[in-house]
Amino acid sequence: MFSQKLLIRLKNAFNVTVLTGAGISADSGIPTFRGPDGLWKDQEVEKLATLEALENEPEVFWEFYNWRRQLLKDIKPNFAHFSLVDIENYFEDFTLITQNVDNLHAIAGNKNLVELHGNITRNRCTSCDHIVPMEQMAEQAIPYCDKCGAIMKPDVVLFGEPLNPKLLRQAQTASAECEVFFSIGTSSVVEPAASLPYIAKANGAYIVEINPESTPLTENADEVINIPAAKALTALVLILDRIR
Ligand code: NAD
Ligand code: ZN
């Protein structure tokens, strides 16, 4: 499944960076955005998950996000998430960058985690930045800030919003410094995350893509493992156990 070249790289690597997307949570039962699952009540997710939707149609916006939170209630990390916890322990310097907002990497237990697009289990005030974790949220169709009264948003990066510059810098640095870069379960089209493997490649890293489907990254990767993430990463842990 893995080439000899990759195994030699991994045997000697000090610094490994992983970027994950919605595909890694697919085996936990969370729908991805693109493809047939990318609709909610016949509306495009990319139009719902926006600041404009929050401003113009707060009821619809919050109905959508409350539905997404409801979906997450019974969902657990899968073998792909747990394998990344094991993999982290094999390297001195390991960074896990995720575009997912589902909190599953944190629940699984990865330590050096960059949640580039935020985390849906928190609310953030649109005016004063007050944060409320899910456990402390009152049952409200539309949540308002108990400090200043402004409308709250889920603490995620909505389409059209900029990323947290500190987290983006952290992700770019980890990409530039690694020897092996894994892109796992992402369609590689959402910027600026989609550029991270190219930053890694420009700095000499070996790029591995794990995804059953082709993406714009596929032809630029050094190695492509086109099977589901849980299967590939479970196998990778067994190999690391042997070679490290
Ligand atoms: P995407 O939905 O655009 O792409 C998912 C990718 O995963 C596809 O390329 C697909 O082929 C691949 N895939 C499907 N099953 C897989 C499996 N078992 N193993 C490996 N790969 C698999 O997701 P994206 O690239 O992350 O971008 C979508 C945006 O939507 C992101 O910004 C993200 O924040 C957000 N999002 C997050 C979640 C979540 O938190 N779980 C879910 C949906 C969307
Ligand atoms: Zn506030």
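Note that the structure is a prediction, hence the values are computed from the model and not measured. Counting starts at 1 for both ligands and their atoms, following the listed order. Only this structure's heavy atoms are used, side chains among them; waters, hydrogens and symmetry mates stay out.
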Run the side-chain donor-acceptor check on residues 217-237: report pairs under 3.5 Å with partners two or more places apart or on a different chain.
| residue | atom | partner | partner atom | Å |
| --- | --- | --- | --- | --- |
| T218 | OG1 | E209 | OE1 | 2.7 |
| T218 | OG1 | T215 | N | 2.7 |
| T218 | OG1 | T215 | O | 3.1 |
| N220 | ND2 | Y198 | OH | 3.1 |
| D222 | OD2 | I207 | N | 2.7 |
| E223 | OE1 | S3 | OG | 2.6 |
| E223 | OE1 | Y206 | OH | 2.6 |
| E223 | OE2 | S3 | N | 2.8 |
| E223 | OE2 | S3 | OG | 3.4 |
| T234 | OG1 | A230 | O | 2.4 |

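- Considering backbone and side-chain N/O of N211, one or more are found under 3.5 Å from N/O of ligand 1.
- Annotation: the span from Q70 atom CD to K73 atom NZ amounts to 4.0 Å, rounded to 0.5 Å.
- The side-chain heavy atoms of I87 and L240, taken from C-beta on, include a pair separated by under 4.5 Å.
- Listed by number with element, the atoms of ligand 1 under 4.0 angstrom from any heavy atom of G185 are 5 (C), 6 (C), 7 (O), 20 (C), 21 (N).
- The ligand atoms of ligand 1 that sit less than 4.0 angstrom from a heavy atom of G21 are 26 (O).
- Counting atoms of ligand 1 from 1 in the listed order, those under 4.0 Å from a heavy atom of E213 are 11 (O).
- Near I30, meaning under 4.0 Å from one of its heavy atoms, ligand 1 places the atoms 41 (N).
- Below the 2.8 Å limit, the Zn ion (ligand 2) has as protein N, O or S neighbours C125 SG, C128 SG, C145 SG, C148 SG.
- Between S187 and ligand 1, an N or O atom pair is found at a separation short of 3.5 Å.
- A salt bridge between E161 and K153 is present, with a side-chain N of the basic residue lying under 4.0 Å from a carboxylate O of the acidic one.
- Residue-environment remark: CZ (F79) stays at or below the threshold of 12 foreign heavy atoms within 6.0 Å.
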For residues 170-181, which side-chain N or O atoms pair as donor and acceptor with protein atoms under 3.5 Å away, sequence neighbours left out?
| residue | atom | partner | partner atom | Å |
| --- | --- | --- | --- | --- |
| T173 | OG1 | R169 | O | 2.8 |
| S175 | OG | A171 | O | 2.8 |
| E179 | OE1 | F14 | N | 3.2 |
| E179 | OE2 | F14 | N | 3.0 |
| E179 | OE2 | N15 | N | 2.7 |

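- Residues I24 and F182 share a single hydrophobic cluster, defined by chaining ILVMFWY side chains whose heavy atoms lie under 4.5 Å apart.
- Using cut-offs of 30° and 60° on the angle between ring planes, the pair Y65 and F61 is tilted.
- Interface of Q99 with ligand 1, defined as ligand atoms under 4.0 Å from a residue heavy atom, comprises 31 (C), 33 (C), 34 (O).
- At under 3.5 Å, a nitrogen or oxygen of T186, whether backbone or side chain, sits near a nitrogen or oxygen of ligand 1.
- L116 and L96 are members of different hydrophobic clusters when ILVMFWY side chains are connected at heavy-atom separations under 4.5 Å.
- Between P228 and ligand 1, a contact under 3.5 Å exists for no N or O pair.
- A salt bridge links R244 with E92: the distance from a Lys NZ or Arg NE/NH1/NH2 to an Asp or Glu carboxylate oxygen falls below 4.0 Å.
- Atom numbering of ligand 1 starts at 1 in the shown order; those under 4.0 Å from a heavy atom of A26 are 15 (N).
- Atom CD of E191 has more than 12 heavy atoms from other residues, nucleotides or ligands within 6.0 Å.
- You'll find the side chain of C145 stays beyond 4.5 Å of the side chain of S127, heavy atoms only.
- Contacts with ligand 1 closer than 4.0 Å are made by side-chain heavy atoms of D27 only, the backbone lying farther away.
- Interface of V101 with ligand 1, defined as ligand atoms under 4.0 Å from a residue heavy atom, comprises 39 (C), 40 (O).
- Between A22 and ligand 1, at least one N/O pair is under 3.5 Å apart.
- For ligand 1, the polar-atom distance check against A229 finds a nitrogen or oxygen pair separated by under 3.5 Å.
- Clustering of Ile, Leu, Val, Met, Phe, Trp and Tyr by side-chain heavy atoms under 4.5 Å joins M152 with V132, M134, M137.
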